[in-house]
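Below is one structure; the comments refer to it alone.
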Amino acid sequence: MRTNIYTTILSNKAKNKKMFALLIDPEKHTEISLRNICKLAQENRPDFIFIGGSQIIGSIDNALKIIKQETDLPIILFPSHFSQLSSSVECLLYLSLTSGRNPKFLIEQQISSAKYIRQHNIEAISTSYILIDGGKSSAVEQVSNTTPYNPKSDKELIVDTAIASELIGFQLIYLEAGSGAKHPVSKEIIEQVTQNTKTPIIVGGGITNIDGFQNALSGGADIVVIGNHLELFPEQLSDFTNFINLYNKKNEK
């Protein structure tokens with residue numbers, strides 16, 4: 001593999017070093033706004049840039065070219081469809097929507113993309129993608145035609161899905177409330193998943209302030225993803241990077 005981002009994730013988890021990913025959805029940016037947020041990312045240094053979106057149609061090569069012109073941060077593709085694959089990316093989350101029962105997003109997209117990933121030597125990190133209701137219908141819910149888990153009545157099911165994901169061999173567990181969610185994944189749910197699994201956990205969706213960011217980190221998230229809020233308020237990127245840097249200094253092993 002050209003990269004080994006997963007090794008970095010495991011190493012950071014072992015050191016109790018929390019990570020922050022800036023999510024960029026190319027469809028929500030003009031070239032100017034994309035360059036602007038990438039310049040801010042280069043200056044403030046989140047751990048990763050995730051690139052993707054549930055409703056992207058076609059190639060993301062142009063967006064990747066711009067991102068690479070403006071920053072040297074590690075880029076991880078966060079695809080919802082095999083058409084979003086690009087040989088310009090070195091790592092991707094190999095997602096399976098384990099909270100849903102639509103075979104298209106459980107295994108069929110993976111089969112369609114497998115040969116391309118292997119041929120282009122892309123690091124694929126197998127990821128159990130668990131969609132949790134964030135109080136608003138999400139693009140993931142609409143595109144995948146699946147129902148998210150209810151954060152109140154499905155707590156045990158969420159934990160069981162995470163445990164099953166670990167037993168199957170997924171390398172990451174992604175707890176997702178959906179882009180623009182009214183409510184992020186609760187600290188309680190993150191804690192319960194963390195207490196019952198050893199797999200690195202990503203948390204995203206609905207995080208709009210430092211309190212929500214801190215709840216995800218203290219709940220046990222290894223990587224916290226913020227996208228929609230920073231599309232609206234890119235100048236706040238430094239608030240989150242400064243906070244996680246201080247958080248890690250206080251909690252380093």
Legend entry - Sequence-distant partners of Ala177, side chain to side chain contact (heavy atoms under 4.5 Å, CB included), two or more places apart: Ala181, Val185
Legend entry - For Phe240, all residues meeting ring pair (Phe, Tyr, Trp, His ring centres under 6.0 Å), sequence neighbours excluded: Phe213
Legend entry - Any Lys155 side-chain heavy atom under 4.5 Å of Gln192 side chain: yes
Inset, instruction - Would you check if Glu123 and Asn4 make a side-chain contact, meaning some heavy-atom pair closer than 4.5 Å? - result: yes
Inset, instruction - Return yes if some donor-acceptor pair links the side-chain N/O of Tyr94 with the main-chain N/O of Phe170 below 3.5 Å, else return no. - result: no
Legend entry - Polar side chain donor-acceptor pair, Ser179 to Lys136, under 3.5 angstrom: no
Kindly list each side-chain donor-acceptor pair under 3.5 angstrom involving residues 69-79, sequence neighbours excluded, with atom names and distances?
{"residue": "Gln69", "atom": "OE1", "partner": "Arg35", "partner atom": "NH1", "Å": "3.0"}
{"residue": "Gln69", "atom": "OE1", "partner": "Arg35", "partner atom": "NH2", "Å": "2.8"}
{"residue": "Glu70", "atom": "OE2", "partner": "Arg35", "partner atom": "NH1", "Å": "2.7"}
{"residue": "Thr71", "atom": "OG1", "partner": "Gln42", "partner atom": "OE1", "Å": "2.7"}
{"residue": "Thr71", "atom": "OG1", "partner": "Leu73", "partner atom": "N", "Å": "3.1"}
{"residue": "Asp72", "atom": "OD1", "partner": "Gln42", "partner atom": "NE2", "Å": "3.3"}
{"residue": "Asp72", "atom": "OD1", "partner": "Arg45", "partner atom": "NH1", "Å": "2.7"}
{"residue": "Asp72", "atom": "OD1", "partner": "Arg45", "partner atom": "NH2", "Å": "3.2"}

Inset, instruction - Output yes when a side-chain donor or acceptor of Glu43 lies under 3.5 Å from a complementary backbone atom of Leu40, and no otherwise. - result: no
Inset, instruction - Would you please say whether a donor-acceptor pair under 3.5 Å links the side chains of Thr161 and Tyr149? - result: yes
Inset, instruction - Scan for side chain to side chain donor-acceptor pair (under 3.5 Å) pairs involving residues 196-206, sequence neighbours excluded, and state none if there are none. - result: Glu166-Thr199
Legend entry - Pairwise salt bridge (Lys or Arg N to Asp or Glu O under 4.0 Å) hits with a residue in residues 214-228, at least two apart: Lys13-Asp222
Inset, instruction - Could you tell me whether the side chains of Gln195 and Glu191 share a donor-acceptor contact shorter than 3.5 Å? - result: no
Legend entry - Pairs involving residues 95-105, ordered by first then second residue, that meet side chain to side chain donor-acceptor pair (under 3.5 Å) (sequence neighbours left out): Thr98-Ser128
Inset, instruction - For the residue pair Gln142 and Ser137, confirm or rule out a side-chain donor-acceptor distance under 3.5 Å. - result: yes
Legend entry - Asn36 side-chain N/O to Ile32 backbone N/O, donor-acceptor pair under 3.5 Å: no
Inset, instruction - Check whether any side-chain N or O of Asp133 sits under 3.5 Å from a backbone N or O of Asn150 as a donor-acceptor pair, and report yes or no. - result: no
Legend entry - Min side-chain heavy-atom separation Val225-Tyr174 under 4.5 Å: yes
